[in-house]
Protein chains: 2
Amino acid sequence: MAANNRISEVVIRRLPLYYRHLESLEKSGVTRISSAELGEQIGLTASQIRQDINFFGAFGQQGYGYNVRELKTHLAGILGLDRGYHMIVVGVGNIGRAILNYQSFYDRGFRIQALFDANPALHGTRLRGIPVAPADTLEAYLSKHAVDIGVICTPREFAQQTADILVAGGVRAIWNFAPVQISVPPQIPINHVHLTDSLLVLSYKLAHSEQAALPSEEDF
Amino acid sequence: MAANNRISEVVIRRLPLYYRHLESLEKSGVTRISSAELGEQIGLTASQIRQDINFFGAFGQQGYGYNVRELKTHLAGILGLDRGYHMIVVGVGNIGRAILNYQSFYDRGFRIQALFDANPALHGTRLRGIPVAPADTLEAYLSKHAVDIGVICTPREFAQQTADILVAGGVRAIWNFAPVQISVPPQIPINHVHLTDSLLVLSYKLAHSEQAALPSEEDF
DNA sequence: TAGATTGTTAATCGATTAACAATC
DNA sequence: TAGATTGTTAATCGATTAACAATC
């Protein structure tokens, strides 16, 4: 599906935005939309939206625009949401639990099969119905189960070794929340979520915003 | 500090990476580094690094490179980390707690003063020493305390109204974790953390990776 | 000093926007 | 059909890379 050859990263990163917005349009009962309307709603130009979509195919219709449900379905396919994914989460501290609680992941086909944690108090318990196994049983688990996405929510010092075990065990992609750089073989897609980076960008904007000039250092 | 006029977003988003890397170099005892070495280590060209840094000033020295500690200090200033920020977190579910547990935010000057939650069981308790107040006391709290950054970790349906209260109460920037689009006045910097987007990008990459062609649909 | 490496300008590359013929 | 809006090519804009003189 999809003429995928070398789509640029900036385009790929806009796809989830398109997808989310189409989902919400569909929920509101909107059945068709033009690139101009869509652009206005999500803050992009109509040109850019048409360009982006046309990297993958001609899903619109001249004189009409796009069928919301149809375009959404195409995007789901392009994003790989038309298949199911098996996920495991290693480390069920707060971030691990936050992910577990995201119902929308489940709805989009991302199924968490198992949880792993070093804390013995959690072993044998279930969180949201999913069993928590000892972290040192991860390797054995992977030898018996096919896992698509491994989510790393361990403390930073265990992140790399966890990634190594995941990759050796055949996990096909890594989603890393540990605040440390992790290296994996180049064919394994990996996404890092650096919360700190997001906060520092916000800090930059705050420090350089108009308002920033006015208030004094500390007013507490 | 800093010739800040209209630095492009892509440059700004690289600053935290530079900063984090310099921190780690400093910890390892590295005192000087050239743009070529730095580029190799973080995967950018030497040219790009020099360009990025020079938007803010000439912090290097010909024939020598950059002094790690000095450049880090400059970047801290540029990012606004040389001042302290007062933060509050609204909603202390898993994401709220995860943020609370990020020691590194505290170390960089982001101080969480207060927590708010709708759950009565939490009222009057403390998490990591920080008191949890009822969500409906947020407005009163803001009338008495100056807050720089408001972190929204509420369920999606309360996110916009929380943002409205924060902005009306004088909060200067918003960090939003609720999976919904929030609107605030244009002068208020806002950063959205969309975990779903990150997962969908990973899904895209997995669906279009080399390996993806080989395995069958479901092998479980 | 000679060697190294920055700061900065110029050249290239890629992404966005504009324009318009095709067509529903 | 006439009007609307896509798909797509061309023009513009911006970001990255290359090059090199300045200088430590």
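Residue numbers begin at 1 in each chain, while the letters A, B, ... track the order of the sequences.
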Query - Partner nucleotide of C:dG7 by Watson-Crick or wobble geometry (both distances under 3.5 Å) - result: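 C:dG7 is paired with D:dC20.
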
**Report entry** Watson-Crick/G-U partner (both atom distances under 3.5 Å) of C:dG14
**Finding:**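 Across all strands, the one nucleotide that pairs with C:dG14 is D:dC13.
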
Query raised in the report: Is the shortest side-chain N/O distance from B:Y66 to OP1 or OP2 of D:dC24 below 4.0 Å?
Result: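 Looking at the OP1 and OP2 atoms of D:dC24, neither is under 4.0 Å from any side-chain N or O of B:Y66.
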
Requested in this report: Taking only heavy atoms on the protein side, list every residue of residues 13-50 of chain B lying under 4.0 Å from any atom of DNA chain C, sorted numerically.
Outcome: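 Listed by number, they are B:R32, B:S34, B:S35, B:R50.
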
What's the [atom1]-[atom2] distance between [X] and [N], to the nearest Å?
X     : N      : atom1 : atom2 : answer
B:I12 : D:dA15 : CD1   : P     : 11 Å
A:N54 : D:dT6  : CG    : P     : 10 Å
A:Q62 : C:dC24 : CD    : C1'   : 6 Å
A:Q61 : C:dC24 : CD    : P     : 7 Å
B:I7  : D:dG14 : CD1   : P     : 14 Å
B:N67 : C:dT6  : CG    : P     : 13 Å
A:F59 : C:dC24 : CZ    : C1'   : 18 Å
B:I53 : C:dT5  : CD1   : C1'   : 12 Å

**Report entry** Under 3.5 Å donor-acceptor pair, B:Q51 side-chain atoms to D:dT16 base atoms
**Finding:**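 No, no donor-acceptor pair under 3.5 Å.
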
Query raised in the report: For B:Y106, is the NZ or CZ atom of B:R111 found under 6.0 angstrom from the centre of its six-membered ring and inside 45 degrees of the ring axis?
Result: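 Checked: cation-pi criterion met.
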
Report task. Kindly check if the number of other-residue, nucleotide or ligand heavy atoms within 6.0 Å of CD (A:E40) is above 12? Result ->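 Counting neighbours around CD of A:E40, 12 or fewer heavy atoms of other residues, nucleotides or ligands fall under 6.0 Å, so no.
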
Query raised in the report: Taking atom CD of B:Q187 as the centre, does the number of heavy atoms from other residues, nucleotides or ligands within less than 6.0 Å exceed 12?
Result: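 Yes.
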
Report task. Compute the centroid of each ring, for A:F110 and then for A:W175, and state whether the two points are separated by less than 6.0 Å. Result ->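 Centroid separation for A:F110 and A:W175: 6.0 Å or greater.
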
Report task. Could you verify whether a donor N or O on one side chain and an acceptor N or O on the other, from A:Q41 and A:H21, lie under 3.5 Å apart? Result ->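 A donor-acceptor contact under 3.5 Å links the two side chains.
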
Requested in this report: Sequence neighbours left out, what passes salt bridge (Lys or Arg N to Asp or Glu O under 4.0 Å) with A:R97? Give chain and number order.
Outcome: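 A:R97 satisfies salt bridge (Lys or Arg N to Asp or Glu O under 4.0 Å) with no other residue.
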
Query raised in the report: Among all residues two or more places apart in sequence or in another chain, which pass the salt bridge (Lys or Arg N to Asp or Glu O under 4.0 Å) test with A:R13?
Result: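 Here the qualifying residues are A:E9.
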
